[in-house]
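Quick notes on the structure that follows.
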Amino acid sequence: MAVNAVKAHLVTLKAHRNRLARTTMREMFAGDPKRFSRFSIAWNRLVFDYSKHRLDARAFDALLDVAKTAGIKARREAMFSGRIINETEGRAVLHTALRAPSDDHIEVDGHDVMDDIARVRRAMTRFANAVRNGKYEVTGGAVSDVVNIGIGGSDLGPAMATLALAPWHDGPKTHFVSNVDAADLAEVFKVIRPETTLFIVASKTFTTQETMRNAQTARDWLQRKLKRSDVGAHFAALSTNLEATRKFGIADERTFGFWDWVGGRYSVWSAISLSVMIAIGPKRFGEFLDGAREADSHFRTADYGANSPVIMALLGIWYRNVWGFETHAVLPYDNRLARFPAYLQQLEMESNGKRVMMDGRAVPMDTGAIVWGEPGTNGQHAFYQLIHQGTSVIPCDFLVAAQSNDHLPEHHELLLANCLAQSEALMLGKTLAEVKAELAQSGFTEKEIKRLAPHKVFEGNRPSTTLLYERLDPKMLGTLIALYEHKVFVQGVIWGINSFDQWGVELGKALARDLIPLVEGSTKAMAKDSSTAGLLAAYRKMSSR
Ligand code: G6Q
């Protein structure tokens, strides 16, 4: 089994780690003027720089050996061609088909899915155009606001992409409601007019508690404000469950489907992004898909040593399994990518936060890293302290555009300088001798230097990748997301796990259902443990005050 081969490679990799632990990146850069060109890939308006890592050519080759023995090629082709690789749910994994060339033939169970995809895309395009040009009318005429109601994979992708592509918005205003906390919906109610609002209920299953609660509350709100018979036109649905969308009262012509081979967190390419298409228009949405398709073809054709998602995955393995670093920070120096870390959190942690392999045995190594992050430069004034001087080493991804979408060049130069400065500082650090010299130059006394110097030392040698792209546009966003999707895929193959199920999420859905009657007080049943029982009792007391 591939994972045994991976385990054997880990022994070799650990030897490389021990060897490299005796040197620093600072020394490696000083000793090799070509280090950047050796460890970077320029491809499609994007530079992927992985030179600031604890790597040399020998360690990199050893990492590539992991990729070669893990069975990535066969699994990759199985995914792209529609084989059932999500074995625990008995499903194909074909988000890549959603952005494949329209003349491709991709079959699931002998059925060509490309016609289905084209049919739904045409229906989405017609509807999005009609909403955008005002031909689709609701009670008060043209739609002024679109509210996407969905959660998890039915929210994070479109919400992240809508924010990222704000410069291309030329349709109605878009809002996202996900949380069952009434605060989420209540804040949106404050800024929309019932007469001109379209609610899009985005739910693959159309049974998710939070989404159905929010959708029902939105419908009640409209029914109070409008003529009951007018409310239907204010709803569209994105779902695989036609029976449930009909039962909710959403007409079939405003229901846009997808299929069980599109996982929730991989659904941003599907009908789930109707709100994005309405915001930026079908043409730009097509460019978004084009960008992802280019990443697909890079992933399928480039040699592992020049394959960005494969290298991203291997670096993750290197730090998680060989160096024992537990977390990974995603730091976009691109404010409109503010939701990208949250999006990747779901993509990576829901996909690879698994403890058993495909055959049910425990994975013999650590899996999914803890992903987190915030846009720069804000993060610099918050948590970067720990990244620079804390006791944990946190590999980082810096993302930054060469061109800004806003016409304030002084801002962009400052932003870029900050981004480059951070990765440089993390790599170089500052030695005690450098700190002492600096303090002496600033006129500090010998005694003060002795006291202050240790606090000002930066260990350095802290790893980071930089993704420098020409400009954040629909195509580039598509490329970036798809690169991370394939990174996650490769890691899943190496660990031998199923990256496409989410039993942990299912558990949460079931547990809340059981507790509702206890919260409502409609049962005499007891909570399963004294903590829950105690909290429920306290809740009853406090809520009745
Ligand atoms: C994603 C997960 C999960 C899912 C939500 C919403 O991969 O399965 O985040 O997207 O639970 O599910 P529905 O779309 O069915 O409402």
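Remember, it's 1-based here, ligands and their atoms both numbered in the order they're listed.
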*Identify which one of V177, V146, L222, V231 satisfies the side chain to side chain contact (heavy atoms under 4.5 Å, CB included) criterion when paired with F199.*
L222
*Spacing of L477 atom CG and L480 atom CG [to the nearest 0.5 Å]*: 6.5 Å
_Please check if the number of heavy atoms outside R91 that lie under 6.0 Å from its CZ is greater than 12._
yes
*Does a side-chain N-to-carboxylate-O contact under 4.0 Å join K475 and D473?*
no
_Residue shell around ligand 1, heavy atom under 4.0 angstrom_ = I151, G152, G153, S154, S203, K204, T205, T208, G264, R265, Q346, E350, Q502, K509
*Determine, for K190 against E187, whether the closest basic-nitrogen to carboxylate-oxygen distance falls under 4.0 angstrom.*
yes
*asked:* So, using salt bridge (charged side-chain N to carboxylate O under 4.0 Å, His left out) as the criterion, who are the partners of R219 when residues are at least two apart?
replied: none
